[in-house]
Number of protein chains: 2
Amino acid sequence: MGLSERKLKILQAIISDFINSAEPIGSRTLSKKLEMGISSATIRNEMSDLEEMGYLTHPHTSAGRVPSDKAYRLYVNSLMEKYVLPENEKQKISQKLLSKFDELDKVIANAAGILSELTNLTSFAITPRINENSLKYVNLLPVDDRTVILMLVTEAGKISNTTLNLKAPYAKDKLEFLSKVMTMNYKGKSLSNILTLDIIKNFETDIEAMGKLAENIMPNFLHTLENMLNVELYMDGLTNIFSIPEYSDIGRAKLFLEMINKKKEFTDILINRDSGVIITIGNENTDEVMRDCSLITATYCVDGKCVGKLGVIGPTRMNYGEVTSIIEYMTDNLSQSFRLTEGEKDEQ
Amino acid sequence: MGLSERKLKILQAIISDFINSAEPIGSRTLSKKLEMGISSATIRNEMSDLEEMGYLTHPHTSAGRVPSDKAYRLYVNSLMEKYVLPENEKQKISQKLLSKFDELDKVIANAAGILSELTNLTSFAITPRINENSLKYVNLLPVDDRTVILMLVTEAGKISNTTLNLKAPYAKDKLEFLSKVMTMNYKGKSLSNILTLDIIKNFETDIEAMGKLAENIMPNFLHTLENMLNVELYMDGLTNIFSIPEYSDIGRAKLFLEMINKKKEFTDILINRDSGVIITIGNENTDEVMRDCSLITATYCVDGKCVGKLGVIGPTRMNYGEVTSIIEYMTDNLSQSFRLTEGEKDEQ
DNA sequence: GTTAGCACTCAACAACATAGAGTGCTAACA
DNA sequence: TGTTAGCACTCTATGTTGTTGAGTGCTAAC
């Protein structure tokens, strides 16, 4: 049994209705709404077929039909009409997205905020992994007798610094010398490479070569490198789930928030998703806890590398068309603005 | 009518019982539990008096009694027995608190995590305001033709930096010159003072004196200063509220989480609290939305100035004794560790 | 002042009835 | 052969009623 034109139309109607109302829909209501001149009985027959084929389910005998994950997948792939963001919406988003901040992390956190506001869902964003970034220079700046600022700068301009409190006073010229030696040793190497074993092994000889001061500074150097590789997760709109009927049950709301709050695990799930706009619906999610949610992510690029992610998580019943458009527009916008810097550089 | 010894004893018993069980307690149950050889009828009379005096309430006629905010206040002030943290607990806390991180922000975020774990409540921590900190130096570091790192260092060693993408290329010597001029102009002045009007007014003449490059950099300088003054709020244990019977109602849980999630407002509430261990119970909170919560905060000091805060928020029915001890121990511990750096400096 | 005794109150729970939204099947129709 | 009206049936949601038990408040006796 194939999916006739009519079956598709009925299925689409059921899905759009359910996305809006969250209520199972019955044959009579649908018959009236469709205005196709077919009676509720006919629709009942079709619905029965669709259920047999796995597109619909039944909370209980005397309830209307509810779309299954399979139905949402079909809907997303071919049934739903592409939502086009109105031009003034686009402008509003662009403005909010880019006006306020310079710092990457702040821009990304802000983006998550905007996204949750627009979709009324829980949104998240992760900053790009900078694995491949190579170190540009190491700078040790004197503050006072025992305080030193360790500053690392990558080729892409990402900076990280830490204030170190040394156990013994140091000489300024030694500090300068150490900066130079460290820069010479590690310049051009990618952060993750520096952290791999073979380079770390060399540290002992490095330390010996560079003297007592290095002994104090090296562990901090490694630690700072590790921090730079950390992906930052930002979330917003957590309380939006309370407005969603699916989560009016306290148990489900709890599970949802607990899942979201395991930041480490959640970040890993996000990192491992493919690039581009990816929609995973309900049981398509490999992670047990997410089986009754849908996840939409898209990738934004920094300096041409598409490694940051922006997305939303919510009930499988969500407005895929609109949400996807918004996310896609936002990531495009972000990528473009992060490329601008690059562009400016090239103009030189 | 005063509070006789016996009334106090009964009140104390009701409160401790309710803190544990969250269930209204009746006269018969209490009579058995107290083992004072007084009958339920007598206790009923006493309870009736206590209710008249405002220490107890009644969810409905046939329910047991529940302590009022006034009762909790009395309990906290004089009735409750001081909880002494066992030595091994203390050690565990100290270890977790200090082992992992160097950076102040990370230590504070981590502290909030530990606190929520220990108390099973929602915890929070704010980083210190550094209003009074004075600027030590301004450093402009060249990265490439149009990229500059703006780095600000305060006397207390707090560093902040921003990567600037300039609109035009610059000359290295001008950058160096500008660093020196800016350091000269603003060194020793407190961050908040630099941001006040009279100094900002001078900027225009400053910019004129320092040339085109300054025009580009000054707004970023101000912006970075503002950022340094921002207090960071960390929270943890949000989902703990779901285990608390008071919040098994989805409406209340929602209100609670929404309140907590208004970070700006919540931070303001925290900042404005007095120093030391402060307990505000239910309607003692000036903010409407917090009237059915209790808030416990304590202050930790950095470099001798007590301006950071650590605390929990939860239902008025919370274990004030234990929670207070834990928070107090943690802030003491933090203050001490943040003083160590200071101590080391003094040893010089 | 304390206590036994008793009438009274009220939430919580269970048992039952009812309404209504919806289904599935059948038989008739085009 | 597909479509439809009609009808019995199902099941949730909602309301009603009764019962239980924990608890109170009052009174009278100790």
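Residue numbers start from 1 in every chain, and the chains themselves are labelled A, B, ... in the order their sequence lines are given, proteins ahead of strands.
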remark   = Each base of DNA chain D marked ( ) or [ ] if paired in-strand (Watson-Crick or G-U under 3.5 Å), | if paired to another strand and . if unpaired gives ||||||||||||||||||||||||||||||
Side-chain ion pair, A:Lys92 and A:Glu117, N-O less than 4.0 Å = no
message = For the residue pair A:Thr280 / A:Asn285, report whether a side-chain donor-acceptor contact shorter than 3.5 Å exists.
response = yes
query = Below 4.0 angstrom, N of the basic side chain to O of the carboxylate: do A:Arg252 and A:Glu246 qualify?
reply = no
remark   = Taking for B:Asn45 and for B:Ala63 the nucleotide of DNA chain D with the nearest heavy atom, the one nearer the 5' end belongs to B:Ala63
request  = Report yes if a side-chain nitrogen or oxygen of A:Thr61 is closer than 4.0 Å to either non-bridging phosphate oxygen (OP1 or OP2) of D:dC11; otherwise report no.
outcome  = yes
request  = Nearest-nucleotide wise, let me know which of B:His60 and B:Ser40 is further upstream toward the 5' end of DNA chain C.
outcome  = B:Ser40
ask   = Under 4.0 Å between a Lys/Arg side-chain N and an Asp/Glu carboxylate O for A:Asp268 and A:Lys264?
value = yes
key: A:Arg273 CZ: over 12 foreign heavy atoms closer than 6.0 Å   = yes
key: Phosphate contact (D:dT4 OP1 or OP2) by A:Thr42 side-chain N/O below 4.0 Å   = yes
ask   = Of the residues in residues 26-38 of chain B, which ones touch DNA chain D at a heavy-atom distance under 4.0 Å?
value = B:Gly26, B:Ser27, B:Thr29
ask   = Can you pull the contact range of chain B along DNA chain C, 5' to 3', using atoms under 4.0 angstrom from its heavy atoms?
value = C:dT2 to C:dA11
ask   = For the atom pair CD (A:Glu46) and CG (A:Leu8), what is the distance rounded to the nearest 0.5 Å?
value = 10.5 Å
Backbone of B:Tyr83 reached by a side-chain donor or acceptor of B:Ser325 within 3.5 Å = yes
query = For atom NZ of A:Lys70, is the number of surrounding heavy atoms from other residues, nucleotides or ligands below 6.0 Å larger than 12?
reply = yes
